[in-house]
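Take a look at the structure set out below.
Every chain is numbered from 1, with letters handed out A, B, ... down the list of sequences.
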2 protein chains.
Amino acid sequence: MDTPTTRVSILEVSAELYADLGYSAVSMRDIAKKVGVTPANLYHHFKGKDDLIREALAHVFAEKTAPIAALLNEKHDEAERLGIFIAYFVKLLAEDRVFFRLLVRELVDGDENRLGYLARSVLERPFRLISSLAGPGQSEDQQFLATVSIVSLVLGHALLAPLLPHLPGGRPDHSDASVVIGHVTAALSRAFHSNGNDK
Amino acid sequence: MDTPTTRVSILEVSAELYADLGYSAVSMRDIAKKVGVTPANLYHHFKGKDDLIREALAHVFAEKTAPIAALLNEKHDEAERLGIFIAYFVKLLAEDRVFFRLLVRELVDGDENRLGYLARSVLERPFRLISSLAGPGQSEDQQFLATVSIVSLVLGHALLAPLLPHLPGGRPDHSDASVVIGHVTAALSRAFHSNGNDK
DNA sequence: GTCTATATTCCGATAGAC
DNA sequence: GTCTATCGGAATATAGAC
């Protein structure tokens with residue numbers, strides 16, 4: 001808020017380099033060079049590398065989370081809302097490489113504190129929505145597992161995307177957002193939206 | 001098994017540390033210290049850090065891939081074989097932290113060469129099996145997408161496991177292998193093993 | 001095959017001028 | 001707020017004795 005330009009530039013560059021290279025591989029020198037300032041300047045705006053990366057993460061997550069909240073506040077049929085969320089989530093992971101890689105890095109490398117923050121800031125709201133739509137007639141545990149499965153499907157397709165061209169019968173367009181959305185939506189309606197009992 | 005050679009010890013320690021910390025964060029000093037040799041010794045057995053990590057990766061993947069191949073050669077009913085593979089895959093990802101993290105790191109950070117190797121060495125064989133079982137009456141593309149979804153489900157549950165306790169209604173035992181196996185198997189039979197058409 | 005010793009580069013971080 | 005200059009340490013990697 002105080003001095004937007006340099007500080008925000010640092011945050012965005014940091015998020016991008018961290019998403020691409022990981023924590024240890026990105027250096028303060030790299031960030032400073034790409035921003036166009038000196039390394040010492042970074043320490044004026046942030047306490048250190050740890051603080052900088054943490055804030056960069058929060059910056060990107062906050063930025064990408066807002067549309068989800070807005071999306072969930074729209075008035076729609078419940079089943080429709082699930083489809084809308086899935087479409088947004090698939091597109092987000094497919095088109096925003098930085099956000100996707102930050103998310104996966106946190107899931108793999110994040111400690112308890114960071115995972116807690118991730119859950120609260122990004123995933124809790126959509127998680128509640130999906131839970132209410134996933135297998136309405138089932139037990140709480142089954143709803144929870146179904147929700148994890150829905151997120152897993154979207155996340156997995158994004159994670160496996162670069163691998164698909166190397167698999168037998170695979171083509172890059174198997175990861176196109178429209179293809180994934182259609183496939184996942186159809187699969188989910190069969191798996192979790194029928195009146196089946198899960199055991 | 002006879003006394004492990006120094007070379008194999010180096011490979012196993014390297015895989016473990018790399019899985020935990022990532023490429024840049026693990027140092028030749030760390031590896032040497034944990035193995036019980038000097039850093040210079042590592043350069044006698046391997047050309048450099050790049051070469052060492054690459055070989056460590058191949059070592060672990062080869063080790064974990066063999067049981068899958070054996071599994072697929074057993075004589076079973078086809079639907080049964082899918083269940084057996086899923087159970088093995090879920091357990092592998094849940095119990096072998098090193099393998100799981102190596103797999104995800106490759107998916108996120110691997111270049112084309114490494115992804116090609118990963119596809120050929122680990123994923124191609126199970127992928128072919130699952131493809132033949134996933135929606136037998138459907139088009140080749142639908143079979144392919146269904147297979148990606150099956151892998152996504154298992155991978156996603158493993159990836160999201162550490163996050164579950166932080167989500168509303170989540171408990172650590174939602175990631176227990178037996179729970180995930182039961183849930184995923186049931187969901188898959190509804191989503192991809194019925195005679196549904198996907199669109 | 002394993003060691004000691006070291007070359008060289010890069011890292012995060014700080015002090016202080018402007 | 002941004003810079004120049006630099007410190008102390010750790011990184012990969014090599015040379016050569018045993």
Side-chain angles (χ1 to χ4, degrees), chain A residues 1-60 101-102 105-106 108-111 113-114, chain B residues 1-60 101-102 105-106 108-111 113-114:
Chain A
M1 290 296 186
D2 303 314
T3 50
T5 51
T6 301
R7 184 187 162 87
V8 172
S9 295
I10 293 172
L11 288 175
E12 289 170 352
V13 166
S14 299
E16 185 183 339
L17 288 178
Y18 169 59
D20 275 346
L21 305 172
Y23 184 86
S24 298
V26 55
S27 69
M28 300 296 270
R29 284 169 166 82
D30 290 340
I31 296 169
K33 186 174 184 179
K34 189 159 187 175
V35 173
V37 296
T38 58
N41 189 286
L42 302 182
Y43 291 89
H44 170 76
H45 293 280
F46 304 93
K47 287 188 301 183
K49 185 176 178 180
D50 244 40
D51 183 57
L52 171 55
I53 298 299
R54 189 179 298 267
E55 293 229 40
L57 203 75
H59 177 76
V60 171
R101 293 173 72 111
L102 289 180
R105 280 198 201 286
E106 283 305 293
V108 174
D109 292 326
D111 58 21
N113 287 336
R114 292 173 83 124
Chain B
M1 296 298 183
D2 26 26
T3 306
T5 65
T6 300
R7 182 188 162 87
V8 172
S9 296
I10 293 172
L11 287 175
E12 288 171 351
V13 166
S14 300
E16 186 183 338
L17 288 178
Y18 170 60
D20 276 347
L21 305 171
Y23 184 86
S24 297
V26 55
S27 69
M28 299 298 267
R29 283 171 160 82
D30 292 340
I31 296 170
K33 187 174 183 179
K34 189 158 186 175
V35 173
V37 296
T38 59
N41 189 284
L42 303 181
Y43 290 89
H44 170 76
H45 292 279
F46 303 93
K47 288 188 300 182
K49 185 177 178 180
D50 243 41
D51 182 58
L52 171 55
I53 297 299
R54 188 179 298 267
E55 294 230 37
L57 202 77
H59 177 76
V60 170
R101 293 174 71 111
L102 289 181
R105 279 196 202 288
E106 283 305 292
V108 175
D109 292 326
D111 58 21
N113 287 337
R114 292 173 84 123

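Taking atom CD1 of I10(B) as the reference point, atom P of dG1(C) lies 11 Å away to the nearest angstrom. Put simply, CZ on R29(A) is 13 Å from C1' on dT4(D), counting in whole angstrom units. Rounded to whole Å, the distance from CD1 on I31(A) to P on dC10(C) is 17 Å. For M28(B) and dT6(C), the CE to C1' distance is 17 Å, given to the nearest whole Å.
In this structure, T6(B) does not reach the dG1(C) phosphate: none of its side-chain N or O atoms is under 4.0 Å from OP1 or OP2.
A donor-acceptor pair is defined here as one N or O able to donate and one able to accept, closer than 3.5 Å; such a pair exists between the side chain of R105(B) and the backbone of D20(B). The closest donor-acceptor contact from the side chain of R29(A) to the backbone of P39(A) lies at 3.5 Å or more, if one exists at all.
Qualifying side chain to side chain contact (heavy atoms under 4.5 Å, CB included) partners for A25(B), counting only residues two or more places apart in sequence or in other chains: S24(A), L21(B).
For E55(A) and K47(A), the salt-bridge test fails: no basic side-chain N is under 4.0 Å from an acidic carboxylate O.
Within residues 32-55 of chain B, the residues having any heavy atom closer than 4.0 Å to DNA chain D are, in order of number, A40(B), Y43(B), G48(B), K49(B).
Side-chain contact between D50(B) and Y23(B): present, with at least one pair of heavy atoms (C-beta onward) separated by less than 4.5 Å. At a threshold of 4.5 Å between non-hydrogen side-chain atoms, the residues N41(B) and V35(B) do not count as touching.
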